[in-house]
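Taking it in order: structure first as structure tokens, then the write-up.
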Amino acid sequence: MALKNYKPTSPARRGLILVDKTSLWKGKPVKSLTEGKRKTGGRNNKGHVTSRGIGGGHKQKYRFIDFKRRKWDVPATVERIEYDPNRTAFIALIKYEDGEQAYIICPQRLDVGDTVIAAEKTDTKPGNAMLLGQMPVGTICHNVEMKPGKGGQIARSAGAYVQLVGRDRGMVIVRLNSGEQRYLRSDCMGTVGAVSNPDNQNQNLGKAGRRRWMGIKPLTRGVAKNPVDHPHGGGEGRTSGGRHPVTPWGKPTKGARTRKNKQTDKMIIRSRHAKKKR
């Protein structure tokens, strides 16, 4: 997908850069694969704000995505490629030979009319899903499971991918985009190819209102507040917020380590925080 620039007919249009979606499906999604989506405004069942910066936004429908791809050995044809407001990637509507329809995350270089299949072992074509243990070393894949049968959890965002770099002790070794290398069980599923819409990160929304359409409200910086409202608040003149950035509730933030899952430490070969070799 290419990027679209707009003529500066207004201040909002001057810097606007969006992904060109002219090749996507123009109609509505398949009704049986959608459900209504309720907005919370970031509030819990008591009406208290538990997630700041959420509110408003355009009405959306949730599209059910097949993250598991466990319908094995049944070829499916790509009917169309659609926009999904719930994620940065595009989605593809596939139709199996028995007539069943499903949405999958659309990989790059997958077009309308292509055939995809999920099997224990199959060709390494974009959109085909198979067990990680059956993929050739060096394969680029996405929508990767961490537990067999749970469905893809890794590399589902626009442009994301995982590279299979080796095998060891009945496990596979994958390299994530963050630089982390880790073990995964070889009976987990993965889909060949990188996720579509890699230019998503190069967009410039141009105006605050376009962000509001997405349901994201502006957040006031802590240093712009008073000491009663935020730990960074107050001070004479312009201050940067101190050496140790914290949340409004005093918890360390901006790079502070929060990972506490010691059970899976042995699965990580190289941390994403390890200094990268130049």
Side-chain angles (χ1 to χ4, degrees), residues 1-67 78-95 101-108 110-112 142-143 151-160 191 194-221 224 247-248:
M1 289 284 169
L3 292 168
K4 279 173 70 176
N5 292 304
Y6 293 82
K7 289 184 178 179
T9 55
S10 69
R13 288 251 159 172
R14 183 172 296 278
L16 185 62
I17 301 171
L18 296 178
V19 171
D20 185 8
K21 301 187 179 78
T22 49
S23 62
L24 299 182
W25 172 251
K26 305 289 190 299
K28 293 185 177 181
V30 178
K31 193 170 183 180
S32 61
L33 297 175
T34 61
E35 73 171 8
K37 189 177 163 191
R38 283 197 138 178
K39 303 248 180 219
T40 63
R43 287 155 176 81
N44 64 5
N45 59 349
K46 296 188 176 80
H48 297 167
V49 175
T50 54
S51 298
R52 295 158 65 229
I54 295 174
H58 202 287
K59 195 173 184 179
Q60 297 172 342
K61 287 179 181 175
Y62 183 76
R63 282 87 164 151
F64 294 110
I65 310 293
D66 181 13
F67 293 116
V78 178
E79 298 270 287
R80 62 198 192 210
I81 296 171
E82 299 185 16
Y83 169 77
D84 187 353
N86 306 293
R87 64 195 73 253
T88 52
F90 299 136
I91 58 175
L93 178 70
I94 60 173
K95 189 172 185 179
Q101 289 181 312
Y103 280 123
I104 61 168
I105 291 179
C106 182
Q108 295 174 32
L110 186 74
D111 293 317
V112 176
H142 68 280
N143 189 37
Q153 292 176 274
I154 302 175
R156 300 184 346 186
S157 187
T191 309
V195 183
S196 56
N197 196 18
D199 276 323
N200 180 72
Q201 62 178 347
N202 299 322
Q203 292 187 115
N204 184 352
L205 300 183
K207 62 179 183 179
R210 194 173 288 273
R211 200 74 170 156
R212 298 303 298 266
W213 299 341
M214 296 177 176
I216 301 170
K217 290 164 65 176
L219 280 175
T220 307
R221 294 169 300 130
T247 67

>> Please evaluate residues Thr191 and Ile105 with respect to the criterion side-chain contact (heavy atoms from CB on, under 4.5 Å), reporting the C-alpha separation (whole Å), side-chain torsions for both, the decisive distance (0.1 Å), and the verdict.
In response: CA-CA 9 Å; Thr191 309; Ile105 291 179; over 6 Å; no

> Between CD of Glu82 and NZ of Lys21, what distance do you get to the nearest 0.5 Å?
Replying inline: 13.5 Å

>> My understanding is that only residues two or more places apart in sequence, or in another chain, count here; which of them pass ring-ring contact (aromatic ring centres under 6.0 Å, His included) with Tyr6?
In response: none

> For the atom pair CG (Asn86) and OH (Tyr62), what is the distance rounded to the nearest 0.5 Å?
Replying inline: 6.5 Å

> Should Pro85 and Lys37 count as side-chain neighbours, where that means a heavy-atom distance under 4.5 Å?
Replying inline: no

>> Tell me every residue that passes salt bridge (charged side-chain N to carboxylate O under 4.0 Å, His left out) with Arg63, counting only those two or more places apart in sequence or in another chain.
In response: none

>> Measuring from atom CD1 of Ile216 to atom CZ of Arg211, what distance do you get when rounded to the nearest 0.5 angstrom?
In response: 3.5 Å

>> Going by the rule ring-ring contact (aromatic ring centres under 6.0 Å, His included), which residues pair with Tyr83 if we only count those two or more places apart in sequence or in a different chain?
In response: none

> So, do Leu3 and Leu18 sit near enough that their side-chain heavy atoms are less than 4.5 Å apart?
Replying inline: no

> For Arg156, what residues pass the salt bridge (charged side-chain N to carboxylate O under 4.0 Å, His left out) criterion, not counting sequence neighbours?
Replying inline: none

> With sequence neighbours left out, what residues match Asp84 under salt bridge (charged side-chain N to carboxylate O under 4.0 Å, His left out)?
Replying inline: Arg87

Without placing hydrogens or testing angles, list every side-chain donor-acceptor pair under 3.5 Å for residues 24-35, not counting sequence neighbours.
{"residue": "Trp25", "atom": "NE1", "partner": "Gly27", "partner atom": "O", "Å": "3.4"}
{"residue": "Trp25", "atom": "NE1", "partner": "Lys28", "partner atom": "O", "Å": "3.1"}
{"residue": "Lys26", "atom": "NZ", "partner": "Thr22", "partner atom": "O", "Å": "2.6"}
{"residue": "Lys26", "atom": "NZ", "partner": "Leu24", "partner atom": "O", "Å": "3.3"}
{"residue": "Thr34", "atom": "OG1", "partner": "Lys31", "partner atom": "O", "Å": "3.0"}

>> If you apply the rule side-chain contact (heavy atoms from CB on, under 4.5 Å), what do you find for Gln203 with Ile17, and how did you get there?
In response: CA-CA 5 Å; Gln203 292 187 115; Ile17 301 171; 5.6 Å; no

